[in-house]
Number of protein chains: 2
Amino acid sequence: MHEIKNQYIEKQGYHDVTHTHHQGHESASHASCITVVPIFNHLEGEQMEEIMKVTKSTSFKKGEVIYREGDISDLLYIVSKGKIRIYRLSESGKEQLVRILNPGDFTGELALFRESIQEAYAEAMSDTDVCMISRNDLQEFLLKYPTISLKILSEFSNRLETSEKQTTRFATEKVDTRLALFLAECMESGDGPMEIELPMSKKDLASYLGTTPETISRKLADLENEGYIKQKSGRKIEILDLDGLLLV
Amino acid sequence: MHEIKNQYIEKQGYHDVTHTHHQGHESASHASCITVVPIFNHLEGEQMEEIMKVTKSTSFKKGEVIYREGDISDLLYIVSKGKIRIYRLSESGKEQLVRILNPGDFTGELALFRESIQEAYAEAMSDTDVCMISRNDLQEFLLKYPTISLKILSEFSNRLETSEKQTTRFATEKVDTRLALFLAECMESGDGPMEIELPMSKKDLASYLGTTPETISRKLADLENEGYIKQKSGRKIEILDLDGLLLV
DNA sequence: CGAAATCTTGACCGATCTCAACTTACGTGG
DNA sequence: CCACGTAAGTTGAGATCGGTCAAGATTTCG
């Protein structure tokens, strides 16, 4: 897979402005932008080569907006380096952090399969490289290799499940519980046995959990006073009593 | 399309218990259980016939549970008659109404494309007929006719968009606003120019909007006092000032 | 018609937001 | 590598929103 040459994916970008094009490191880093994606990682070499032919690469600098609400977008963006912040504005103008994309994650899917515009914002949190596939190229590919559709459907199902679960939490749980559940989920996908590192600032966490930084600060202090957790330096938190935490 | 015979879809049900099988009215009513579904309504006669061969039909009486959290489900359910209530229980045991299915709507999709169990509950709100397709049959069909996958992807995109928008509302808007937005959306899909009929009881509406019946009652009374709406008999509400309503 | 469910209204209280002041951490440029 | 400015985080006090409990009115449906 790593033999795929840059020439296949470097042609020209879709964006004709501001963005500097990916400058082409070693080919392995390019390959990863596709092969790393769960949707595609079962492809055979030939199919992989085919989809990489229609893939373009672009870079965004920290803080740059990749798309915004109202954009007519028909690109699927796959993160190959960096982090992207996906957020929405509610009807009354308040911002909510929806998710953070890491290398291998993708976005743009909501506008990809329907005639519509973006309803969210995507912003590079650091210098970021993305690969892009246009709607037409992707759909052609899906019709040719239908198993990929099933992969995408599976991914959509998961995301839908997550989103609906999240909605139910917002609808029925108070901040304590939402925060505790968030910490518990960090544990699952986590590093050390009983220590986690928050994947975002507390400000972003507040936005993600639908509350304010002040409340996050207080609730974490409460959890610490009650002996469930211990806040360490940086964004690290030691979980002292996971079971207790989940009964909050 | 209407010539499709009952024999194609009446064989035996997947459920070998309690549920009485669909008793077969005229074939037109059967055809509608499939042809009415947006995913399938572009099919040619031949394909339609093929999918109806693997479709089974079952009835549920009011109050019966169609699936529950934890069920290993690999069926797609399509409502042909009646109403189905989809709800979830949060981690702390509180119920939230997720959606109400009407004829033509489908459910079960979340467990269909991934190895997983149901995480929601589906309950017949009235005597209900559903058509069912098994995961294997559906996937086979999708691989054979890839354009249907694109239809389903489109449907999933829409639902994901709706769900994420809903999450953001819960995260950032207060009850007043959520209620006002709900009423406004009833208008869009509504009957009369300035009159809507709530599609559910106020108790269910409270559950759907993540609040309590008491609060719904009070907020509607407030909106009425402020001259934005007028509550009529039944579940009808006259919208007097839509613009004002949306600024609440 | 009557039981049960839904809906309404009031009183009270707790959770969380807002505003404000302050401290701490971080990135940038000299 | 340090100093500074800005952003992030903390903490307190007060206000508000919305939930809970309770009683009563109304509707629905068998």
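On a predicted model such as this, the values are computed, not experimentally measured, just so you know. In what follows, chains are A, B, ... by sequence order, proteins preceding strands, each numbered from 1. Hydrogens, waters and symmetry mates are skipped; everything else that's a heavy atom, side chains included, is used.
Using a 4.5 Å heavy-atom threshold, the side chains of A/Leu183 and A/Leu220 count as touching.
Of the candidates A/Lys232, A/Lys230, A/Arg235, A/Glu195 forms a salt bridge (charged side-chain N to carboxylate O under 4.0 Å, His left out) with just one, namely A/Lys232.
Look at B/Glu123 and B/Lys62 and you find no salt bridge, because none of the NZ, NE, NH1 or NH2 atoms lies under 4.0 Å from a carboxylate O. Between B/Asp204 and B/Arg85 there is a salt bridge, since a side-chain N of the basic residue sits under 4.0 Å from a carboxylate O of the acidic one. With respect to the salt-bridge test (charged N to carboxylate O, under 4.0 angstrom), the residues A/Arg88 and B/Glu161 qualify.
The CG atom of B/Asn225 sits 9 Å away from the P atom of C/dT9 (whole-angstrom rounding). Per the geometry, CD1 belonging to B/Ile216 stands 15 Å off C1' belonging to C/dT9, to the nearest Å. Following rounding to the nearest Å, A/Met200 (CE) and D/dA7 (C1') show an atom-to-atom distance of 18 Å. Across the protein-nucleic acid pair, A/Arg235 atom CZ and D/dA8 atom P stand 10 Å apart, rounded to whole Å. Rounded to a whole Å, the CZ atom of A/Phe170 is 19 Å from the C1' atom of D/dG19. In this structure, CG of A/Leu220 is placed 7 Å from P of D/dT10, rounded to the nearest angstrom. Atom CG of A/Leu209 is separated from atom C1' of D/dG9 by 16 Å (rounded to the nearest Å). One interatomic measurement links the two molecules: CG of A/Leu179 to P of C/dT16, which rounds to 11 Å at whole-angstrom precision.
Among the heavy atoms of the strands lying under 4.0 Å from B/Gly210 are primed sugar atoms or P, OP1, OP2 only; no base atom is included.
Distances from the side chain of A/Lys203 to the nucleotides D/dT20, C/dT8, D/dA8 place D/dA8 closest.
For CZ of A/Arg68, the number of neighbouring non-hydrogen atoms (other residues, nucleotides, ligands) closer than 6.0 Å is 12 at most.
In this structure, A/Arg159 satisfies the cation-pi test against A/Phe106, with its NZ or CZ atom closer than 6.0 Å to the six-membered ring centre and inside 45 degrees of the ring normal.
For the pair B/Thr167 (side chain) and B/Ser163 (backbone), a donor-acceptor distance under 3.5 Å is present.
Each end of the helix from C/dC1-D/dG30 to C/dG30-D/dC1 gets its own axis, taken as the rotation carrying the C1' atoms of four end pairs onto the next four within a five-pair window, and the two axes meet at 60° to the nearest 10 degrees.
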Using a cutoff of under 3.5 Å, can you pull out all pairs of nitrogen or oxygen atoms linking the protein to nucleotides 11-17 of chain D, with atom names and distances?
from: D/dG12; atom 1: N7; to: A/Arg218; atom 2: NH1; distance (Å): 2.8
from: D/dG12; atom 1: O6; to: A/Arg218; atom 2: NH2; distance (Å): 3.4

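Summarising the geometry of A/Asp129 relative to A/Ser59, their closest heavy-atom pair is OD1-OG, 2.7 Å, with the distance given to 0.1 Å.
Checking the phosphate oxygens (OP1, OP2) of D/dG18, no side-chain nitrogen or oxygen of B/Thr211 falls inside 4.0 Å. Checking the phosphate oxygens (OP1, OP2) of D/dA8, no side-chain nitrogen or oxygen of A/Lys202 falls inside 4.0 Å.
Mapping A/Glu173 and A/Gly234 onto DNA chain C by nearest heavy atom places A/Glu173 at the nucleotide closer to the 5' end.
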